[in-house]
Amino acid sequence: MAIFCHTLSSLSLKKLINPSKPTSTFTYINLHIRFQAMNSISDSSSSSSSKVMCQLVPGLDTNEKEYILDQTFERYTSKMVKRNGKGAAIVWFRNDLRVLDNEVLFKAWVNSESVLPVYCVDPRLFQASTCYFGFPKTGGLRGQFIVECLVDLKKNLMKRGLNLLIRHGKPEEIIPALAKDFASHTVYAQKETCSEEVNVEKLVSKALRRVHLPHSTGRSTSQGSANSPTLQLVWGGTMYHLDDLPFSTNSIPDVYTQFRKSVEARCSIRSCAKISMSLGPAPRVEDWGCVPSIEQLGLQPQEVSKGMRFLGGETAALSRVYEYFWKKDFLKIYKETRNGMLGPDYSTKFSPWLASGSLSPRFIYEEVKRYEKGRLANDSTYWVLFELIWRDYFRFISFKYGNSIFHIGGPRNVERRWSQDQRLFDSWRNGCTGYPLIDANMKELSATGFMSNRGRQIVCSFLVRDMGIDWRMGAEWFETFLLDYDPCSNYGNWTYGAGVGNDPREDRYFSIPKQAQTYDPEGEYVAYWLPQLQELPKEKRNFPGKLYMEQIVPLKFGNPNGHRGQDRASAARKTNYGGRARKT
């Protein structure tokens, strides 16, 4: 019976993965019923938010995910790709933990006879602290997600005839030693833009120059007796390629709209790289090493028992694209639902896999175009690409402005007085501010490592506008917890929200009463994360007054419960900067 069901599901999946027309309602219902039992999801018809349990993202079973992976890899495999290199090359995996459309892996394979894939478990990533306020640089939830990404990467490389060498230590010590041991003429790695990552690149490059290889390593040299491995950095991770921009990095527009209109009008997006089905042979390695456990990373394990549980790895990433675009057919309504906050399907949820490099933005682009050709094109299909351009923009801005995106004045070097009041900050990060919408979002972040885009804007505005707290404290807290953390997007968004970055509306303010009434009108979201509100009437959940905890500060533009005069709270936020903010 199991074989029979899998055969039926494979036939239906093949229609969905390679659709000639929109899937019928009958096909969708059959698939939904068939795989529903494998998901840790509550009954969607339940009227009580308290019954919602942990939801897996993607919500597909193992057989379905593996089938989607194999079918997708098949579409991006080419028999026309030929190797023309000699010797051995190293692929140093960093934030590009995937096989499909990985330019680093592609270039290394084409220009060598064998490829050694390597991942370095760098203690500076997992056991260090954030720059200014000493929070853990990587929290347990993101650490677990990365572990799952590595397990999946190793599996997918082995499917293609390779493996993943795991070594613990600093790349500048590990990579040169491997290059010497395996006589590797080139180390290929994805180019990064922020200082910590760039500094490691420089250290690796410097150390490689001290390695001397025999002249028979497959790379010619014109430097006399010198024959050292080289580090070749490859641009990746963005939808638009750096080399295709219509301006230099120093001339990137400081306003997103100008950037977007320019690249849309004057640039094209490169096609995904297609590779051979077999990437072997792999070098002979005695001990490939094991993917570390979360404890071996020096992190505390944390179970997700509520909200969304994201599965790490390329297999899960490709499955989520299939699930959201093709199976559930939610791409066509993305723009209308993207500001939701509860559940897995109000938005794409691609960001954790984009941040780890388990998912290529160019693949998403090609899937959107395939959807537009096979089903329909509308504002929602475009808006997914619109958001990816935002992501590109922050990556390129980090190239332009360097470390200023981490400084208190931001890229524009804005001088403002900020508070670092620990009591206020603790109430914010622990979800104990007295404002249900703020508290629910912060509880979700701590419990799952995720927060909606709308929620991030609201809690940022509250921290910097209503509390007057140093925005870097919020940015570093997000750095610890977010599954989808990457320095460019995180600090780009925080400088934007704090009015020190690339926002023409530098005093943008998110009114909590307005946001609650618009995006959580029946209080379902806050009641889910704050169970003490579940028994209240729906219209009271976001505005519970004395039925909830005392508000830590009054709102800059009025309190939803009319408590405006608390002297203690007002004094706590006197360091907030003046000027009229624009309400959203």
Side-chain angles (χ1 to χ4, degrees), residues 76 78 80-82 84-85 89-112 185-195 197-202 204-205 208 219 230-275 354-355 357-369 385-403 405 411 486-489 492 502:
Y76 284 89
S78 173
M80 304 300 293
V81 183
K82 303 296 182 184
N84 53 28
I90 290 175
V91 171
W92 169 26
F93 279 99
R94 307 175 77 192
N95 295 315
D96 55 337
L97 305 180
R98 68 180 184 274
V99 173
L100 192 149
D101 192 36
N102 189 323
E103 289 277 1
V104 175
L105 182 60
F106 175 78
K107 288 181 180 294
W109 184 83
V110 167
N111 294 299
S112 69
H185 54 77
T186 310
V187 175
Y188 293 85
Q190 180 171 284
K191 171 64 182 170
E192 297 294 338
T193 63
C194 293
S195 58
E197 294 79 6
V198 170
N199 286 340
V200 175
E201 293 171 2
K202 292 177 179 178
V204 170
S205 183
L208 285 172
R219 181 171 62 90
T230 58
L231 175 62
Q232 183 169 332
L233 297 171
V234 181
W235 185 261
T238 55
M239 187 167 65
Y240 287 99
H241 197 284
L242 177 68
D243 294 342
D244 297 336
L245 297 182
F247 24 65
S248 68
T249 53
N250 292 332
S251 303
I252 291 172
D254 288 329
V255 177
Y256 167 72
T257 301
Q258 296 173 6
F259 171 84
R260 176 182 60 80
K261 290 182 176 179
S262 181
V263 296
E264 286 181 330
R266 302 167 61 186
C267 298
S268 59
I269 295 169
R270 299 184 183 187
S271 299
C272 290
K274 293 190 175 184
I275 57 176
L354 284 166
S358 303
L359 182 61
S360 160
R362 296 193 305 202
F363 173 75
I364 298 173
Y365 170 82
E366 292 189 2
E367 285 294 279
V368 168
K369 292 303 174 182
L385 305 181
F386 177 91
E387 300 290 2
L388 286 175
I389 300 174
W390 257 118
R391 183 175 175 276
D392 279 11
Y393 181 60
F394 283 134
R395 180 66 59 97
F396 295 132
I397 281 294
S398 72
F399 223 140
K400 177 178 180 178
Y401 284 108
N403 278 348
I405 66 172
D486 82 70
C488 308
S489 294
N502 300 84

Practice item. State, yes or no, whether a side-chain contact exists between V198 and T193 at a heavy-atom distance under 4.5 Å. Key: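 Heavy-atom side-chain distance check fails, nothing below 4.5 Å.
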
Exercise for review: Would you check if Y188 and I90 make a side-chain contact, meaning some heavy-atom pair closer than 4.5 Å?
Suggested key: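 Side-chain contact under 4.5 Å: no.
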
Exercise for review: Verify the neighbour count for atom NZ of K107: are there more than 12 heavy atoms of other residues, nucleotides or ligands below 6.0 Å?
Suggested key: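 No, because the 6.0 Å sphere around NZ of K107 holds 12 heavy atoms or fewer from other groups.
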
**Study point:** Interatomic distance, F247 atom CZ to R266 atom CZ [nearest 0.5 angstrom]
**Key:** 7.0 Å

Check your understanding: Regarding S195 and N403, is there a side-chain donor-to-acceptor distance under 3.5 Å anywhere?
Key ->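 N403 and S195 do have a side-chain donor-acceptor pair below 3.5 Å.
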
Point to revise | Residue pair D254 / Y401, side-chain donor-acceptor N/O under 3.5 Å | key: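 Yes, because at least one side-chain N or O of D254 sits under 3.5 Å from a partner of the opposite role on Y401.
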
Review point. W390 and Y256: aromatic ring centres closer than 6.0 Å?
Key: yes

Review point. Under 6.0 Å between the ring centres of Y240 and Y365?
Key: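 Not under 6.0 Å, so no.
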
Exercise for review: Would you confirm whether N102, through its side chain, and D96, through its main-chain N or O, come within 3.5 Å as a donor-acceptor pair?
Suggested key: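 Pair found, side chain donor or acceptor close to backbone of D96.
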
Point to revise | Considering all heavy atoms, the nearest C272-E366 contact | key: N-OE2, 2.8 Å

Check your understanding: Is it true that R94 and E201 make a salt bridge, defined as a side-chain N closer than 4.0 Å to a carboxylate O?
Key ->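 Yes.
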
Check your understanding: Salt bridge between E197 and K202, side-chain N to carboxylate O under 4.0 Å?
Key -> no

